[in-house]
S.K.: 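Right, I'll just put the structure down here and ask away after.
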Amino acid sequence: MRITNKHVFWLKALMHVVAILPIIYLVLAVLGDEAGGDPVQYIIHYTGIGALNTFLITLCISPIAKKFKQGALIQTRRLIGLYVFAYATLHLMAFISLDLLFEWTLFFQETVKRPYIVVGTVAYLLLLALSVTSLNAVRRKMGKRWQQLHNSVYLVAVLVPIHFFWSVKSEIIEPSIYIAVAALLLFFRKSQIQRIFKRK
Ligand code: HEM
């Protein structure tokens, strides 16, 4: 079956629901006192994992579209990418507001103490740049530079699993699985990545 623009419309509607439901669940869990003994940590972890999972889904779209010759699927990539940014923003906001209570000096102290925050911040700034430039009008204006900037998605795919791995104290199985999955997804795009390095 060929995916048409009409299917894409419904697929996008479904994606909105799938992306928003976990946020509603989080709010209900926190309000209902079901967010564990440390709700602040719960929210930071939940939104961080949400951002990472959604990011990995965006990386799957191109290979799936190519393999099954469903070019229309590519149209859903920007929407999912924007949800990655939304989840990452909630994650960052939860950390700054609930954990640091907007004490900006603490942010810098924490960054020195916990270098994985620097890695997360670089990844976040790249996601910000990718989101701001995701509009078609900006894409047209940027020309060749747009693709160059959007190649940094591969850097995000390296940075975020490192951020996760580095942030945990003992439980390394889950972040190791994420590193393996991200490495596999990057491996599927090895020819594109090699081309980026050859051009430089
Ligand atoms: C300015 C940017 C960022 C800051 C300040 C930040 C901060 C943090 C903090 C404080 C933790 C919790 C560590 C702990 O005490 O256990 C964490 C974990 C995590 N972050 Fe970030 N982060 C940032 C960006 C990102 C981005 C862009 C992503 C994903 C796209 C991300 C994904 C994660 C994940 C998956 C975890 C582990 C969650 C878990 O332990 O279950 N972070 N981050």
Side-chain angles (χ1 to χ4, degrees), residues 15-16 18-23 25-27 29-30 34-62 76-134 149-186 189:
M15 283 170 176
H16 279 296
V18 172
I20 289 168
L21 274 181
I23 303 292
Y25 170 83
L26 175 65
V27 173
V30 172
E34 279 174 15
D38 187 346
V40 172
Q41 277 308 92
Y42 184 90
I43 297 170
I44 293 174
H45 289 194
Y46 187 95
T47 48
I49 289 288
L52 178 52
N53 286 340
T54 319
F55 177 72
L56 293 178
I57 292 171
T58 55
L59 286 187
C60 292
I61 293 181
S62 279
T76 61
R77 220 169 31 174
R78 178 167 68 189
L79 176 74
I80 310 181
L82 289 173
Y83 272 114
V84 177
F85 181 63
Y87 269 88
T89 303
L90 288 176
H91 176 66
L92 172 62
M93 287 302 132
F95 177 58
I96 291 175
S97 60
L98 306 173
D99 200 0
L100 306 185
L101 304 171
F102 294 106
E103 287 258 10
W104 293 103
T105 45
L106 261 186
F107 186 84
F108 298 106
Q109 282 167 17
E110 286 298 310
T111 305
V112 174
K113 249 198 320 199
R114 305 193 253 174
Y116 68 83
I117 291 181
V118 180
V119 180
T121 306
V122 175
Y124 183 77
L125 292 176
L126 289 173
L127 287 175
L128 172 69
L130 297 179
S131 305
V132 170
T133 57
S134 70
L149 174 66
H150 279 249
N151 285 339
S152 56
V153 77
Y154 303 126
L155 184 56
V156 177
V158 174
L159 294 176
V160 177
I162 292 177
H163 169 71
F164 184 6
F165 190 91
W166 210 345
S167 78
V168 297
K169 278 120 210 150
S170 53
E171 175 46 76
I172 60 158
I173 294 174
E174 197 188 352
S176 304
I177 293 172
Y178 274 99
I179 288 184
V181 171
L184 189 71
L185 290 172
L186 289 176
R189 284 146 187 260

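Read the numbers this way: they start at 1 and go in the same order the structure lists the ligands and their atoms.
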S.K.: Can a non-hydrogen atom of E110 be found less than 4.0 Å from any atom of ligand 1?
M.R.: no
S.K.: Could you find the nearest protein heavy atom to atom 13 (C) of ligand 1 and give me its residue, atom name and distance?
M.R.: Y116 OH, 3.2 Å
S.K.: Quick one: does ligand 1 sit under 4.0 Å from the side chain of I44, the backbone, both or neither, non-hydrogen atoms only?
M.R.: side chain
S.K.: May I ask you to decide if S134's main-chain N or O and R78's side chain share a donor-acceptor pair within less than 3.5 Å?
M.R.: yes
S.K.: Check contact between Y87 and ligand 1, using heavy atoms of the residue and a distance below 4.0 angstrom.
M.R.: no
S.K.: I'd like the name of whichever of A94, G120, G48 reaches closest to atom 3 (C) of ligand 1 through any heavy atom.
M.R.: G120
S.K.: Evaluate I57 against Y83 for side chain to side chain contact (heavy atoms under 4.5 Å, CB included), listing each step before the verdict.
M.R.: CA-CA 11 Å; I57 292 171; Y83 272 114; over 6 Å; no
S.K.: Do Y178 and I49 have side-chain heavy atoms sitting under 4.5 Å apart?
M.R.: yes
S.K.: Looking only at protein heavy atoms, which one is nearest to atom 4 (C) of ligand 1, and what is the separation?
M.R.: L92 CD1, 4.2 Å
S.K.: Distance to 0.1 Å, residue and atom name: give those for the protein heavy atom nearest to atom 30 (C) of ligand 1.
M.R.: A51 CB, 3.6 Å
S.K.: Looking only at heavy atoms, is any part of I117 under 4.0 Å from ligand 1, and if so is it the side chain, the backbone, or both, or is it neither?
M.R.: side chain
S.K.: At what distance is the nearest protein heavy atom to atom 37 (C) of ligand 1, and which residue and atom is it?
M.R.: F164 CD1, 3.3 Å
S.K.: Which is closest to atom 18 (C) of ligand 1 in terms of heavy atoms, Q41, H91, H45?
M.R.: H91
S.K.: Which atoms of ligand 1 are found less than 4.0 Å from any heavy atom of T121?
M.R.: 1 (C), 2 (C)
S.K.: Check if K169 has a non-hydrogen atom at a distance under 4.0 Å from any atom of ligand 1.
M.R.: yes
S.K.: Can you establish whether the number of heavy atoms outside I173 located under 6.0 Å from its atom CD1 is more than 12?
M.R.: no
S.K.: Just to confirm my output: which protein heavy-atom neighbour is closest to atom 29 (C) of ligand 1, and how far is it?
M.R.: V160 CG1, 3.3 Å
S.K.: Passes side chain to side chain contact (heavy atoms under 4.5 Å, CB included), L56 versus V181? Steps please.
M.R.: CA-CA 8 Å; L56 293 178; V181 171; 4.1 Å; yes
S.K.: Please find the pair of heavy atoms, one from I43 and one from A94, that lie closest to each other, and give the distance.
M.R.: CG2-CB, 3.8 Å
S.K.: Decide if atom CD of E34 counts as having more than 12 heavy atoms of other residues, nucleotides or ligands within a radius under 6.0 Å.
M.R.: no
S.K.: Counting only N and O atoms by type, is there a donor-acceptor contact under 3.5 Å from the side chain of Y87 to the main-chain atoms of F55?
M.R.: no
S.K.: Are F55 and ligand 1 in contact, using a heavy-atom cut-off of under 4.0 Å?
M.R.: no
S.K.: For V30 and Y46, run side chain to side chain contact (heavy atoms under 4.5 Å, CB included): C-alpha distance rounded to whole Å, both residues' side-chain angles, the deciding distance at 0.1 Å, then the answer.
M.R.: CA-CA 11 Å; V30 172; Y46 187 95; over 6 Å; no
S.K.: Quick one: look up the protein heavy atom nearest atom 5 (C) of ligand 1 and list residue, atom name and how far away it is.
M.R.: F95 CD2, 3.5 Å
S.K.: Might you work through the side chain to side chain contact (heavy atoms under 4.5 Å, CB included) test for I177 and E174, ending with a clear yes or no?
M.R.: CA-CA 5 Å; I177 293 172; E174 197 188 352; 5.6 Å; no
